[in-house]
Amino acid sequence: MTVAIRLEHVEHEYAGTEESSRVHALSNVDLALAAGDFAILMGPSGSGKSTLLNLIGAVDRPTSGRILIGDTDIAGLSEDALTLFRRTSVGFIFQFFNLVPTLTVRENIGFPLALAGMRRKELDSRTGEILEGIELQHRAGHYPNQLSGGEMQRVAIGRAIVHRPAVLLADEPTGNLDSRTGETVLELIRSVHRSYRPTIVMATHSERAASYGDYIRHVIDGRVLNGGPDE
């Protein structure tokens with residue numbers, strides 16, 4: 001199942017500390033993404049792209065405004081409901097992979113299914129299907145420190161899609177890779193989009209990476225420009 005994403009008048013502030021002042025990260029953001037789209041959030045570092053992904057993925061709550069995933073306003077969900085939403089409906093791909101170093105490739109990919117209590121037979125079948133899709137069957141028993149950067153990101157993509165989420169969020173997924181390896185990872189993400197049709201939101205500052213999406217929404221100084229960067 002794919003879902004539409006809509007943000008209405010979303011504001012987000014990070015609380016200040018003794019060492020730093022309050023940061024106003026997002027200002028009156030309105031954003032609408034159709035179900036099954038591959039949308040790009042493009043902007044420089046510090047523009048608010050990662051904050052937007054964290055809000056859409058229910059990692060953070062907005063200071064104000066509404067965030068609708070399908071028909072659900074996730075900003076109003078309880079902590080337990082948010083945890084369930086993240087576990088079942090969202091997949092995350094990070095710049096620095098975030099694999100569990102003590103788990104094998106197979107175990108890292110299957111981790112979301114294990115958390116959900118899936119039966120071993122189905123878990124093994126689903127994990128095997130993903131391993132084949134990311135072409136890492138021969139690495140199934142290896143640990144993250146035995147992999148290249150590109151292989152680690154492919155494992156991270158496998159883990160992000162193994163539970164078949166409706167929403168897939170990618171935060172600078174090629175930012176820690178060389179250009180050739182980055183192309184391979186982008187091709188894999190595009191293949192995932194063609195095969196499973198999740199609603200994908202990818203944050204990047206790279207024009208080459210942005211070309212893989214259906215369209216671009218520019219993010220500048222905490223605002224989303226639904227036109228171009230000069231809006």
Measure from the side-chain N and O atoms of N108 to the backbone N and O of V100, and report whether any donor-acceptor pair falls under 3.5 Å. yes
Would you give the length of the straight line joining atom CE of M152 to atom CG of L136, rounded to the nearest 0.5 angstrom? 11.5 Å
Beyond-backbone contact of I134 with I109, side-chain heavy atoms, under 4.5 angstrom: yes
Does the side chain of V201 come within less than 4.5 Å of L53's, by heavy atoms? yes
Residue pair P198 / P165: nearest heavy atoms and the distance that separates them: CB-O, 3.7 Å
ring-ring contact (aromatic ring centres under 6.0 Å, His included) pairs touching residues 55-92, sequence neighbours excluded, are F92-F94
How long is the span from the OG atom in S64 to the NE2 atom in H9, to the nearest 0.5 Å? 10.0 Å
With no hydrogens and no angle check, do the side chains of S50 and D171 hold a donor and an acceptor under 3.5 Å apart? yes
What is the minimum heavy-atom distance between P173 and A203, and which atoms define it? CD-O, 4.0 Å
Check whether the side chains of H142 and E151 place a donor and an acceptor atom closer than 3.5 Å, and report yes or no. no
Give a yes or no on whether L55 and V59 share a hydrophobic cluster (residues Ile, Leu, Val, Met, Phe, Trp, Tyr; joining criterion: side-chain heavy atoms under 4.5 Å apart). yes
Gap separating the OG1 atom of T199 from the CG atom of D37, nearest 0.5 angstrom: 7.0 Å
Locate the shortest heavy-atom distance separating E8 from D30; write the atom from each residue and the value. CA-OD1, 3.3 Å
Can you find a pair of side-chain heavy atoms, one from Y196 and one from I161, that are under 4.5 Å apart? yes
Looking only at side-chain N and O atoms, does D178 offer a donor or acceptor that is under 3.5 Å from a partner on T181? yes
Can you find a pair of side-chain heavy atoms, one from D60 and one from T51, that are under 4.5 Å apart? no
So does D221 have more than 12 non-hydrogen atoms from other groups sitting under 6.0 Å from CG? no
T102 and Y143: side chain donor to acceptor below 3.5 Å: no
So which atom in L186 and which in A209 form the shortest heavy-atom distance, rounded to 0.1 Å? CD1-CA, 3.7 Å
With the side chain counted from C-beta on, respond yes when R126 and R164 share a heavy-atom pair under 4.5 Å apart, and no when they do not. yes
Short N-O contact, E79 and R61, less than 4.0 angstrom: yes
Measure across G65 and A75 and return the closest heavy-atom pair with its distance rounded to 0.1 Å. O-CB, 4.1 Å
Ionic contact status for R208 with E187, cut-off 4.0 Å: no
E135, CD atom: more than 12 neighbouring heavy atoms under 6.0 Å: no
Pairwise side-chain contact, R66 with L7, heavy-atom cut-off 4.5 Å (strictly under): no
Exactly one candidate in E207, R217, M202, H205 meets side-chain contact (heavy atoms from CB on, under 4.5 Å) with M42; the answer is E207
pair F97-R159: side-chain heavy atoms closer than 4.5 Å: no
Under 4.5 Å between any side-chain heavy atoms of L31 and R6, yes or no? no
For the residue pair L103 and P144, what are the closest heavy atoms and their distance? O-CD, 3.2 Å
H193: what forms a ring pair (Phe, Tyr, Trp, His ring centres under 6.0 Å) with it, not counting sequence neighbours? F38
